[in-house]
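Taking it in order: structure first as structure tokens, then the write-up.
Counting starts at 1 for both ligands and their atoms, in listed order.
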Amino acid sequence: MKIDVLTLFPAMFAGPLDESIVKRARKAGLLDLQIHNLRDCAHDRHKTVDDRPFGGGPGMLLKPEPIFEAVEKLARDNTRVILLSPSGRPFNQAVARELAQVEHLLLVSGHYEGFDERVREQLADDELSIGDYVLTNGALPAMVIIDAVTRLLPGALGDDDSAREESFSPGMAGLEYPQYTRPAEFRGMKVPEVLQSGNHAEIARWRAEQARLRTKERRPDLL
Ligand code: 4FV
């Protein structure tokens, strides 16, 4: 998979995507990730990328010209251009699975009060929000999406199974069941007997029931 990111804060991407599973996926050639500074597509003396909103109002907006130039330079026929903003459709595990099938993603990170509407009308194939809150810019949303999608790439996770049986995965319509590892007793707290029984049918029943209870309790909206 190829992912290009357009941002005003390329330095924010150093770190989170250079560790663990994403780092390994990049090294293994499963992911080709390139970060591009939007300001490189502003050619006036001050490299201007923002301006005041027509009709007045607070704050500044991202100008169309630098974004059009960058997208037209980076996008191919198989590219899905995705704007990141609070007014996008909710990003979730199902969307992550969908994006993991796409050959080339071009993520356009917002800043200031957002984008000139012509960017949305003319360039965006999709618009995603990572949650109903307002961030200082779209860099973190881009990293969240890259992380969630990369771990779904075949071969990215040590054991691909772990992506199959987890919260929000197709087989599990909700939250995950409780899990335990050694020691079997810690400060008087015992691991449920059923999990040490070796009775896999019984263990599967217990886990399904626990997942249902936890989902009903915490996220009935998922049921
Ligand atoms: C956001 C979100 C988000 C809004 C103003 C950047 C900020 C600034 N992006 N999901 N929530 N973006 O808060 O994706 O433009």
Side-chain angles (χ1 to χ4, degrees), residues 1-17 22 31 33-42 44 46-75 79-102 104-153 167-168 218-219 221-222:
M1 167 177 267
K2 184 172 169 34
I3 300 180
D4 285 296
V5 180
L6 209 45
T7 176
L8 284 170
F9 305 98
M12 284 182 71
F13 291 76
L17 305 175
V22 177
L31 171 65
L33 175 64
Q34 306 297 329
I35 311 297
H36 308 271
N37 190 331
L38 178 60
R39 218 170 274 286
D40 296 345
C41 293
D44 63 300
H46 303 296
K47 293 187 142 322
T48 308
V49 295
D50 62 319
D51 204 338
R52 288 176 289 103
F54 276 109
M60 304 291 272
L61 285 178
L62 285 169
K63 290 168 59 63
E65 303 96 321
I67 301 177
F68 272 73
E69 180 182 314
V71 170
E72 286 162 1
K73 198 165 31 179
L74 296 166
T79 303
R80 186 181 297 192
V81 177
I82 302 177
L83 297 191
L84 306 176
S85 90
S87 47
R89 66 182 172 123
F91 178 68
N92 57 29
Q93 195 63 13
V95 176
R97 284 195 296 273
E98 179 197 322
L99 296 182
Q101 311 300 320
V102 178
H104 182 207
L105 298 178
L106 175 44
L107 305 180
V108 184
S109 299
H111 188 36
Y112 308 111
E113 299 310 307
F115 304 95
D116 178 284
E117 192 59 22
R118 291 164 285 191
V119 168
R120 188 171 277 115
E121 287 160 2
Q122 295 299 321
L123 297 178
D125 299 313
D126 202 350
E127 187 163 352
L128 291 174
S129 169
I130 64 163
D132 298 340
Y133 38 79
V134 181
L135 301 165
T136 57
N137 68 68
L140 291 171
M143 288 183 247
V144 164
I145 291 171
I146 292 165
D147 186 289
V149 170
T150 299
R151 62 187 295 284
L152 296 176
L153 298 176
S167 299
F168 318 115
R218 300 180 188 186
R219 295 290 309 276
D221 58 296
L222 294 172

Self-check item: His111: numbered ligand 1 atoms lying under 4.0 Å from its heavy atoms
Solution: 8 (C), 15 (O)
Exercise. Check each atom of ligand 1 against the heavy atoms of Ile130 and keep those under 4.0 Å away; list them by number with element.
Key: 10 (N), 14 (O)
Quiz item: In terms of residue, atom name and distance, what is the protein heavy atom nearest to atom 12 (N) of ligand 1?
Solution: Pro86 CD, 3.7 Å
Practice problem: Enter the distance from Ile3:CD1 to Leu105:CG here, rounded to the nearest 0.5 Å. | Solution: 5.0 Å
Quiz item: Can you tell me which residue and heavy atom of the protein come closest to atom 13 (O) of ligand 1, and the distance to 0.1 Å?
Solution: Leu135 N, 2.8 Å
Quiz item: Is the backbone of Lys63 close enough, under 3.5 Å, to the side chain of Asp116 for a donor and an acceptor to pair up by distance?
Solution: no
Quiz prompt | Spacing of Phe9 atom CZ and Thr136 atom OG1 [to the nearest 0.5 Å] | solution = 7.0 Å
Self-check item: Enumerated ligand 1 atoms positioned under 4.0 Å from heavy atoms of Gly110
Solution: 15 (O)
Quiz item: Using 4.0 Å as the upper bound for N to carboxylate O, is an ion pair formed by Arg118 and Glu121?
Solution: no
Self-check item: Contact atoms of ligand 1, heavy-atom distance to Asn137 under 4.0 Å
Solution: 6 (C)
Exercise. Any atoms of ligand 1 less than 4.0 Å from a non-hydrogen atom of Gly131? List them with their elements.
Key: 11 (N)
Quiz prompt | Distance filter under 4.0 Å to Tyr133 heavy atoms, resulting ligand 1 atoms | solution = 11 (N), 13 (O)
Practice problem: Could you tell me which atoms of ligand 1, counted from 1 in the order shown, lie closer than 4.0 angstrom to a heavy atom of Tyr112? | Solution: 5 (C), 8 (C), 15 (O)
Practice problem: Would you mind listing which atoms of ligand 1 come within a distance below 4.0 Å of any non-hydrogen atom of Val134? | Solution: 4 (C), 13 (O)
Quiz item: What are the two closest heavy atoms between Ser109 and Leu62, and how far apart are they?
Solution: O-CD1, 4.2 Å
Quiz item: Going through the distances and angles, do Val49 and His111 end up as a side-chain contact (heavy atoms from CB on, under 4.5 Å)?
Solution: CA-CA 10 Å; Val49 295; His111 188 36; over 6 Å; no
Exercise. State whether the side chain of Thr48 and the backbone N or O of Asp50 hold a donor-acceptor pair below 3.5 Å, judged by distance alone.
Key: no
